[in-house]
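Everything on this sheet refers to the single structure shown next.
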Amino acid sequence: MTETAAALRTVAHNVRTARVRAGLTLEELGRRAQVSKGALVSLEKAQGNPNLATLVRLADTLGVSVSALMQGSPEGRVRVVSAEAVAPLWTGERGSEARLMLTTSGPAPVEVWRWRLEPGEEYPSHPHQGGVVETVSVTSGRMTLVVDGTEHLVEAGQTATFDGDAPHTYRGSGTEPCHLIMTVHLPPGPAPAV
């Protein structure tokens, strides 16, 4: 079995498990997440190729992190991940990319992302569920962060944070690629059933 097929089987299992735990039908999840029922049926059968926007909408609707949909069982107490070992979840036409490196466990998980934004390339993100807070730390280059229509220049060595429940866009600025680390702080999820 290829790595891609194994990853898709993991996503399929995790989406179905989270949907059932939330007590949602395929129709209700599709309506809330704005994903067609057919796409959800295919996804739960480990078919198709869901994009980052679809995974984010499903995670938000199910009240879990994106990586909770993508990761298998924990591998131990300490987990070290190299960027090369993680496939990009988004790639732009000019070579930009976003990689979800890992997510912390616990009642309020944090996702850690590595991004590369090429000059002039952008990624528009839909608003997340209430309580999501994003932080971007630019390690080289510069980016324009657009939150609720207002642009903010963030340069190497600077960090910006904002509530993720507003429309937001990440855009590479300047003449060099922008490298950044993003953390997405998720609100506490529902308590596990006993």
Side-chain angles (χ1 to χ4, degrees), residues 1-19 29-30 33-36 39-40 42-75 79-105 109-118 120-129 132-139 141 143 145-146 162 164-165 167-172 177-186 189:
M1 177 184 319
T2 68
E3 283 185 30
T4 302
L8 188 55
R9 289 177 56 85
T10 297
V11 170
H13 170 78
N14 292 343
V15 167
R16 184 176 193 298
T17 299
R19 177 180 63 77
L29 176 58
Q34 299 175 346
V35 175
S36 74
L40 285 174
S42 292
L43 179 58
E44 287 193 5
K45 290 181 178 178
Q47 300 169 348
N49 186 17
N51 63 30
L52 176 58
T54 298
L55 291 174
V56 168
R57 285 195 306 272
L58 288 171
D60 280 349
T61 302
L62 293 167
V64 299
S65 66
V66 173
S67 63
L69 296 180
M70 301 180 61
Q71 292 178 350
S73 301
E75 298 173 8
R79 186 168 167 222
V80 177
V81 180
S82 88
E84 297 76 31
V86 177
L89 286 179
W90 171 75
T91 54
E93 292 179 4
R94 298 179 188 172
S96 298
E97 63 181 29
R99 296 174 190 257
L100 177 57
M101 300 304 295
L102 57 87
T103 299
T104 62
S105 59
V110 176
E111 297 177 348
V112 179
W113 293 77
R114 291 180 66 116
W115 284 73
R116 183 180 75 229
L117 291 169
E118 295 296 328
E121 191 155 42
E122 66 181 34
Y123 178 81
S125 179
H126 77 286
H128 302 295
Q129 64 178 315
V132 171
V133 175
E134 292 194 21
T135 302
V136 292
S137 296
V138 176
T139 58
M143 70 173 290
L145 173 64
V146 183
F162 61 96
D165 60 355
H168 50 283
T169 300
Y170 320 105
R171 181 183 319 127
C178 174
H179 294 267
L180 63 104
I181 303 296
M182 174 198 298
T183 58
V184 180
H185 303 260
L186 302 161

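Excluded from the calculations below are hydrogen atoms, water molecules and symmetry mates; all remaining heavy atoms, backbone and side chain alike, are included.
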*Interatomic spacing from NE2 in His179 to CE in Met143 - rounded to 0.5 Å*: 13.0 Å

*For Pro127 and Pro167, work out which heavy atoms get closest and say how close.*
CG-N, 3.7 Å

*When rounded to the nearest 0.5 angstrom, what is the spacing between OG1 in Thr91 and CZ in Arg99?*
10.0 Å

*Between Arg19 and Leu62, is there a donor-acceptor pair closer than 3.5 Å when you use the side chain of the first and the backbone of the second?*
no

*Nearest-0.5 Å distance that lies between atom CD in Glu134 and atom CG in Asp165*: 10.0 Å

*asked:* Test of understanding: with ring pair (Phe, Tyr, Trp, His ring centres under 6.0 Å), list the residues that count as partners of His126, not counting sequence neighbours.
replied: His128

*Looking at Pro177 and Glu118, what are the two nearest heavy atoms and their distance?*
CG-OE1, 3.6 Å

_Please give me the minimum heavy-atom distance between Val110 and His185, naming the atom from each residue._
CG2-ND1, 3.5 Å

*asked:* Suppose we screen for salt bridge (Lys or Arg N to Asp or Glu O under 4.0 Å). Which residues come up paired with Arg171, at least two apart in sequence or across chains?
replied: Glu122, Glu151

*Interatomic spacing from CG in Leu43 to CG in Leu58 - rounded to 0.5 Å*: 6.5 Å

*Leu29 CG to Leu40 CG distance, which is reported to the nearest 0.5 Å*: 5.0 Å

*Closest non-hydrogen atom pair between Ala12 and Ala46, with its separation*: CB-N, 3.7 Å

*asked:* Looking at Arg57 and Ala33, would you say the former's side chain and the latter's main chain have a donor-acceptor pair under 3.5 Å?
replied: yes

*Anything under 30° is parallel, anything over 60° is perpendicular, the rest tilted; go ahead and classify Tyr170 against Phe162.*
tilted

_Check this for me: Gln34, atom CD, are more than 12 non-hydrogen atoms of other residues, nucleotides or ligands nearer than 6.0 Å?_
no

*Does any N or O in the side chain of Glu121 come within less than 3.5 Å of the main-chain N or O of Gly172, such that one atom is a donor and the other an acceptor?*
no

*Does Trp113 have any side chain to side chain donor-acceptor pair (under 3.5 Å) partners at least two apart in sequence or in another chain, and if so, which?*
Glu111

*Any idea which heavy atoms bring Ile181 and Val112 closest together, and the distance?*
CG2-CG1, 4.2 Å

*When you look at Ser125 and His168, which way does the side chain to side chain donor-acceptor pair (under 3.5 Å) test go after all the steps?*
CA-CA 5 Å; Ser125 179; His168 50 283; 3.2 Å; yes

*Enter the distance from Trp90:CH2 to Ser96:OG here, rounded to the nearest 0.5 Å.*
4.5 Å

